[in-house]
There are 2 protein chains.
Amino acid sequence: MAQRTTISSYAVLALLNLRPWTGYELTQQAQRSLRYAWPKSERLLYSEPKKLVELGYATAHKEESGNRSRNVYEITTEGRHALTEWTSSRTQPPRIEIEALLRLLFADHGSTEDLNRALDELEADISEHHEAIVDLMASYLDGGHPFPERTHLSVLFATFQIEMFKTIERWIEFARDEIGEWPTTQDLGMTPRTEVLTCLLAHDQSPLDS
Amino acid sequence: MAQRTTISSYAVLALLNLRPWTGYELTQQAQRSLRYAWPKSERLLYSEPKKLVELGYATAHKEESGNRSRNVYEITTEGRHALTEWTSSRTQPPRIEIEALLRLLFADHGSTEDLNRALDELEADISEHHEAIVDLMASYLDGGHPFPERTHLSVLFATFQIEMFKTIERWIEFARDEIGEWPTTQDLGMTPRTEVLTCLLAHDQSPLDS
DNA sequence: TATGTATACTGCATAGTGCAGTAATTCAAG
DNA sequence: CTTGAATTACTGCACTATGCAGTATACATA
């Protein structure tokens, strides 16, 4: 059966391009470093390197330590070549899934408490990631980057995360204030306040800045 | 075969809670209104209402117009009840997939041109969505909301989109400036400039504000 | 009359997820 | 020194979701 190279294949291949990894290491590393750009399940991250071997883009060899074995994967010249081809394809459009926002869209089915709870949960998820990135940056200052020569890339990437997280947190506060003025979630329609917001947005202006 | 209710099921159910829709209408409406919170394929949006019927959460009846038929789906009392249960479950953490950022993380395999192209493509995708939302808000000002009593929800949701899009666009400009100072994508490591950025991020400060 | 676009779907192969299960290793508490 | 919990190191399976090709009608325009 012919295997197809997906973006996830390239993601794993790019990791293998840095150094050889065991299957387990790949899952751990990918969860840590790729999570915010390309979140994939542990299960997939175990399968991808096998696919790469079938494609001839990597080699696998079993390492025995005592009674337990683990697979070590290494990139091939073919694999490095395939990586270069990746850049010639168009990047996929971004894809953003936020269930809390879906609940906001249909908030009129529930109470303002339900809606606020959804926002609380979103805030909790975001601030967890936010703190993790800040801690990671602190560790980089102490020379803690696993590939020191690649620090410039990780840090530029991290600026994106921080901007995003700050924006979302700022919006959550804003949204809570707005919702706080609502007597209910239903049938408010185009209130004077909503009209002000709509007008700002129609002129591409941020309601959070005022 | 017992069907399971996923978040996508609830998303479609929430649409059906507004009014009856045909399968085709559901796919179109979901692409327009849910795309930014819960992007799902047309294929799935055709399948979900069938699942809802099997679960007893909706009814289907064929409408004939000439030689062509279409399915009209309507929510049941059971379905409305199920919707209420949705709010009692924890919201899923957000999931953000941006291939352009993945390419940034591994940009040292290619040239600065490759990286800039990825950013250009991201910018094109974002600005397309950005403009669409601004236009949508302009149409709301003229009373163009399909469910006028729900305008307050759509507009608060739109504030999120606009904030996100502006943030991403601002970051792209910032990133282009940074990359413009790079002689190459490789082996720069912890440059003085990167150290400044890392320091700011470690103190949870935005490098874009300065 | 031809042709393109919108309507209105279905089938199928494949990508990806979640969860359960298996089994060895390590390390700290009792 | 032994019991139990956590970590390492995966695999199998059922199911969710996507992309694409295919089918067929309706309608407007050239």
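Every chain is numbered from 1 and lettered A, B, ... according to where its sequence line falls, protein lines coming before strand lines. The figures that follow rest on heavy atoms only: side chains count, while hydrogens, waters and symmetry mates do not. Not measured: the values here are computed from a predicted model.
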Open item on the list: As an exercise, state the distance from NZ of Lys40(B) to CG of Leu45(B), rounded to the nearest 0.5 Å.
Closed with: 9.0 Å

Open item on the list: Once you apply a heavy-atom cut-off of 4.0 Å, does Pro39(B) come out as touching a base, just sugar-phosphate, or nothing?
Closed with: sugar-phosphate

- [ ] Using a heavy-atom cut-off of under 4.0 Å over every strand shown, decide if Glu97(B) touches base, sugar-phosphate, or nothing.
- [x] nothing

Looking at [Y] and [X], is there a salt bridge between them, counting it only when a charged N and a carboxylate O are closer than 4.0 Å?
| X | Y | value |
| --- | --- | --- |
| Lys62(A) | Glu64(A) | no |
| Arg103(A) | Glu121(A) | no |
| Glu169(A) | Lys166(A) | no |

TODO: Let me have a per-nucleotide readout for nucleotides 6-11 of chain C, 5' to 3', with B, S or -, counting only protein heavy atoms under 4.0 Å.
DONE: -BSBBB

Without decimals, in angstroms, what is the distance between [X] [atom1] and [N] [atom2]?
| X | N | atom1 | atom2 | value |
| --- | --- | --- | --- | --- |
| Arg4(B) | dG18(C) | CZ | P | 11 Å |
| Leu44(B) | dT14(C) | CG | P | 20 Å |
| Lys51(A) | dA15(C) | NZ | C1' | 7 Å |
| Gln92(B) | dA17(D) | CD | C1' | 13 Å |
| Leu45(B) | dC20(D) | CG | C1' | 16 Å |
| Gln31(B) | dT18(D) | CD | C1' | 12 Å |
| Gln29(A) | dT8(D) | CD | P | 13 Å |

TODO: Quick one: list whatever passes ring-ring contact (aromatic ring centres under 6.0 Å, His included) with Trp182(A), sequence neighbours left out.
DONE: His152(B)

Task: Net bend of the helix from dT1(C)-dA30(D) to dG30(C)-dC1(D), end axes of five pairs each, nearest 10 degrees - done: 20°

Task: Distance test, side-chain N/O of Arg95(A) to OP1/OP2 of dT18(D), below 4.0 Å - done: yes

Task: Stretch residues 6-14 of chain B: residues that reach within less than 4.0 Å of DNA chain D through a heavy atom - done: Thr6(B), Ser8(B)

- [ ] Write out all pairs satisfying salt bridge (Lys or Arg N to Asp or Glu O under 4.0 Å) with one or both partners inside residues 5-23 of chain A, taking only residues at least two apart or from two chains.
- [x] Arg19(A)-Glu25(A)

Open item on the list: Counting only heavy atoms from other residues, nucleotides and ligands, does the tally under 6.0 Å from CD of Glu149(B) exceed 12?
Closed with: yes

Open item on the list: Is it true that, when you exclude Gln28(A) itself, more than 12 heavy atoms of the residues, nucleotides or ligands shown sit nearer than 6.0 Å to its CD?
Closed with: yes

- [ ] Side-chain contact test, heavy atoms from C-beta onward, threshold under 4.5 Å: evaluate it for Leu34(B) versus Leu15(B) and give yes or no.
- [x] yes

Task: Results of salt bridge (charged side-chain N to carboxylate O under 4.0 Å, His left out) for Glu163(B) - residues two or more places apart only - done: Arg170(A)

Task: Ser111(A) versus Asp114(A), side-chain donor and acceptor atoms under 3.5 Å - done: yes

